Amino acid sequence: MPEHRPEQRPGVGVGVFVIRDGKVLFGKRKSAHGEGTWAPPGGKLDMGETVVDCAARELKEETGLTVVRAERLPVYTEDFFEELHFITTYVLAETSGEPSVMESEKCEAWGWFPWDRKPEPLFLTIRNLDRQGYRPPGA
């Protein structure tokens, strides 16, 4: 667990599950936070933004995909990184288009993987989700 300072508060993260033909979209992270691990698209919730709006924004910024329909999922993870604490909630999104690497400084590649054969190593949020035994609908 990270050292607590009174001025610090946990962040809110949003993970986005895009599922096609039973496979889930994962990206290989390049940024210092989780570099080399695989995670679904997502990011930090902005002040005044809904979880679903955050999912649509992050998905567009990271993959170029447009959300057609999205729903919040009834699951979250509590993620303790080295110096960060995040509560991560998840959204299931139906999209149009094909994913592209839109932020090459943050993501190396996007790929489709069966939930039972997710790429390794996994980002902490997905490892924590696995510990709960959660499986996204349609995966």
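Note that the structure is a prediction, hence the values are computed from the model and not measured.
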List the atom pairs, with distances to 0.1 Å, where a side-chain N or O of residues 102-113 and a protein N or O form a donor-acceptor pair under 3.5 Å, not counting sequence neighbours.
residue: Trp110; atom: NE1; partner: Glu62; partner atom: O; Å: 3.4
residue: Trp110; atom: NE1; partner: Ser100; partner atom: O; Å: 3.3

Requested in this report: Could you pull out the closest heavy-atom pair between Gly15 and Thr88, with the gap in Å?
Outcome: N-CG2, 4.0 Å

Report summary line: For Ile19 and Gly138 the tightest heavy-atom approach is CG2-O, 3.4 Å

Query raised in the report: Distance from Asp53 atom CG to Asp46 atom CG, nearest 0.5 Å?
Result: 10.5 Å

Query raised in the report: Which residue pairs satisfy the side-chain hydrogen bond (donor to acceptor under 3.5 Å, both in side chains) criterion with at least one member in residues 123-139, sequence neighbours excluded?
Result: Asp79-Asn128, Asp116-Arg135, Lys118-Asp130, Asn128-Arg131

Query raised in the report: Would a 4.5 Å heavy-atom cut-off, applied to side chains only, mark Thr89 and Val51 as touching?
Result: yes

**Report entry** Heavy-atom pair with the smallest gap, counting every atom of Arg29 and Gly34
**Finding:** CB-O, 3.5 Å

**Report entry** Partner residues of Phe17 under the ring pair (Phe, Tyr, Trp, His ring centres under 6.0 Å) criterion, sequence neighbours left out
**Finding:** Tyr90, Trp115

Requested in this report: Following the transitive rule for hydrophobic clusters with a side-chain heavy-atom cut-off under 4.5 Å over Ile, Leu, Val, Met, Phe, Trp and Tyr, establish whether Val75 and Ile126 coincide in one cluster.
Outcome: yes

Requested in this report: For the pair His85 and Phe80, name the ring-plane relationship: parallel under 30°, tilted 30 to 60°, perpendicular over 60°.
Outcome: parallel

Query raised in the report: Linking Ile, Leu, Val, Met, Phe, Trp and Tyr by side-chain heavy atoms under 4.5 Å, what else ends up with Ile87?
Result: Tyr76

Report summary line: When every non-hydrogen atom of Leu65 is compared with those of Ser96, the smallest separation belongs to CD2-O, 3.4 Å

Report summary line: The reported gap from CG in Leu124 to NE2 in His33 (rounded to nearest 0.5 angstrom) is 8.0 Å

Query - Residues in side chain to side chain contact (heavy atoms under 4.5 Å, CB included) contact with Arg69, at least two apart in sequence or another chain - result: Glu71, Glu94

Requested in this report: Check whether Val14 and Phe86 end up in the same hydrophobic cluster, where Ile, Leu, Val, Met, Phe, Trp and Tyr are linked by side-chain heavy atoms less than 4.5 Å apart.
Outcome: no

Query raised in the report: Between Thr63, Val24, Leu59, which is the residue that forms a side chain to side chain contact (heavy atoms under 4.5 Å, CB included) with Val18?
Result: Leu59

Query raised in the report: If every non-hydrogen atom of Phe26 is compared with every non-hydrogen atom of Pro40, which pair is closest and at what distance?
Result: CD2-N, 3.7 Å

Query raised in the report: Would Thr37 and Lys28 count as a side chain to side chain contact (heavy atoms under 4.5 Å, CB included) if you check the C-alpha gap in whole Å, the side-chain angles of each, and the deciding distance to 0.1 Å?
Result: CA-CA 6 Å; Thr37 62; Lys28 188 170 185 183; over 6 Å; no

Query - Side chains of Pro10 and Leu84 in contact at under 4.5 Å (non-hydrogen atoms) - result: no

**Report entry** Heavy-atom closest pair, residues Cys54 and Gly43
**Finding:** SG-O, 4.3 Å

Report task. Return the set of residues passing side chain to side chain donor-acceptor pair (under 3.5 Å) with Glu49 (not counting sequence neighbours), or none when no residue passes. Result -> Arg57

